[in-house]
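A quick write-up on the structure given underneath.
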There are 2 protein chains.
Amino acid sequence: MRLERICQKMSEKDYRLTPQRQVILKIFLDNMDRHLSAEEVYQLVKKEHPKIGLATVYRTLDLLAELDVLQKMNFGDGRSRYELSSDEDTHHHHHLICLRCQRVLEFEDDLLEELEDSIEARSGFKIVNHQVKFYGYCRDCQEAQTPRF
Amino acid sequence: MRLERICQKMSEKDYRLTPQRQVILKIFLDNMDRHLSAEEVYQLVKKEHPKIGLATVYRTLDLLAELDVLQKMNFGDGRSRYELSSDEDTHHHHHLICLRCQRVLEFEDDLLEELEDSIEARSGFKIVNHQVKFYGYCRDCQEAQTPRF
DNA sequence: CCCTTCATTGAAAATCATTTTCAATAGTGG
DNA sequence: CCACTATTGAAAATGATTTTCAATGAAGGG
Ligand SMILES: [Zn+2]
Ligand SMILES: [Zn+2]
Ligand SMILES: [Zn+2]
Ligand SMILES: [Zn+2]
């Protein structure tokens, strides 16, 4: 999602784009390929702006997730992770989580639209978003495959 | 999954089916339609077996999830939730999470197998499991629809 | 400008789910 | 019955997240 659209969303709800919020947003714009935890965002932010507080990071992440600027997700490592939402029109990607090295790969795909339509038709549930995680083994780990127990 | 198969899985790995573990398992067998949190399991267990400790509940849930007897999942309410795995052969269901009433509906479907095959072919990632959550509005909430802000 | 108001912030304390510690208990296999 | 080890319960510890609260700072009215 582009900065312009984000500003628009914030002002629609009368939120101010404070310097702290700008800094945190920039972290996400500069790390589009990562799935950052609050603590990771905090560490990145602190490098340039040591005065910023962890609570502000948490508050900003909440706010941006509320606005759908960020997607909040859970990869089972005990902390929430966030990434920039895609634009409204593009469909968002799925996550392939390696059970051996814990790496998170992304996978672009539209096949799920079909499934969504089918679910809406059959269940009457109106879908506005989805999260899909596939667990398995990445290419490297299939080869390296050290037994796990 | 049936009790017999569960016992088998436990003895394969030399875990004992202690009375505490039996009680916790029974909770899941008696509540197949629910997605229970550790605390909820603990409350249900305590009714009949007040001596059982919360730590034992957590330990047992971990153990059973490790054995794939339980599926551990996260619906964004800050705690992990668990449900009995389906049998090896049946495909497991998806979750429809209502953004208004927070209810979790289930939806049986096989369309995802296709998608899994496509992903494996295109990415080289070997998939062993998946978790799919759809967020939206259940039938009731579409009608009732009180504005949320 | 000055003042009031209200959103936002940082630091510290509090909360809450989960994990760990440790001594007590209880199967198992002689 | 006697080790030996897995398991348990209670309490303490941990770690992520939230709340509290006083201080800061932007915005608007006079
Ligand atoms: Zn891997
Ligand atoms: Zn992603
Ligand atoms: Zn609903
Ligand atoms: Zn379910």
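Chain naming here is simple, since letters A, B, ... match the order of the sequence lines and numbering starts at 1 in each. Computed from a prediction, not measured in an experiment: that's the story for all the values here.
Under 4.0 Å is where a charged nitrogen must lie from a carboxylate oxygen, and between Arg122(A) and Asp109(B) at least one such pair does. Ion pairing between a basic and an acidic side chain is recognised when a charged N comes within 4.0 Å of a carboxylate O; Lys72(A) and Glu83(A) show no such pairing. The pair Asp140(A)-Arg103(A) meets the salt-bridge criterion, since a charged nitrogen lies less than 4.0 angstrom from a carboxylate oxygen.
With rounding to whole Å, Leu54(B) atom CG is found 17 Å from dA13(D) atom P. In this structure, the OH atom of Tyr58(B) is 16 Å from the P atom of dA10(D), given to the nearest Å. What separates CG of Leu61(A) from C1' of dT18(D) is a distance of 13 Å, to the nearest Å. With rounding to whole Å, Leu63(B) atom CG is found 12 Å from dA6(D) atom C1'. Per the geometry, CE belonging to Met10(A) stands 11 Å off C1' belonging to dT8(C), to the nearest Å. Tyr15(B) has its OH atom 12 Å from the P atom of dT8(D), to the nearest Å. Atom P of nucleotide dA11(D) and atom CZ of Arg59(B) are separated by 14 Å, given to the nearest angstrom.
Checking side-chain atoms of Arg79(A) against main-chain N and O of Ala38(A) turns up no donor-acceptor pair under 3.5 Å. Looking only at distances, a side-chain donor or acceptor of Gln142(A) sits under 3.5 Å from a matching main-chain atom of Tyr137(A).
Evaluation of the ring pair (Phe, Tyr, Trp, His ring centres under 6.0 Å) test over residues 62-85 of chain B, restricted to residues two or more places apart or in two chains, returns His35(B)-Phe75(B), Phe75(B)-His95(B).
Counted by atom type alone, Glu106(A) and His94(A) present zero donor-acceptor pairs between their side chains at under 3.5 Å. Gln20(B) and Thr56(B) share no side-chain donor-acceptor pair at under 3.5 Å.
For Gln8(B), the CD atom is densely surrounded, since the number of other residues' heavy atoms within 6.0 Å is greater than 12. Atom NZ of Lys126(A) sits in a sparse spot, with 12 or fewer heavy atoms from other residues, nucleotides or ligands closer than 6.0 Å.
For the segment residues 72-81 of chain B, residues with any heavy atom less than 4.0 angstrom from an atom of DNA chain C are, sorted by number, Gly78(B), Arg79(B), Ser80(B). Contacts of residues 16-26 of chain B with DNA chain D (heavy atom under 4.0 Å): Arg16(B), Thr18(B), Gln20(B), Arg21(B). Against DNA chain C, the stretch residues 36-53 of chain A makes heavy-atom approaches under 4.0 Å through Lys51(A), Ile52(A), Gly53(A).
For Glu4(B), the side-chain contact (heavy atoms from CB on, under 4.5 Å) test picks out Arg2(B), with sequence neighbours left out.
For the helix from dC1(C)-dG30(D) to dG30(C)-dC1(D), the axis fitted to the five pairs at one end and the axis fitted to the five pairs at the other end meet at an angle of 20° (nearest 10 degrees).
Side-chain contact between Glu39(A) and Leu54(A) is present, with at least one heavy-atom pair separated by less than 4.5 Å.
Cluster membership for Leu99(B) and Leu67(A), using ILVMFWY side-chain heavy atoms within less than 4.5 angstrom, is not shared.
At the phosphate of dG10(C), OP1 or OP2 sits under 4.0 Å from a side-chain N or O atom of Thr56(A).
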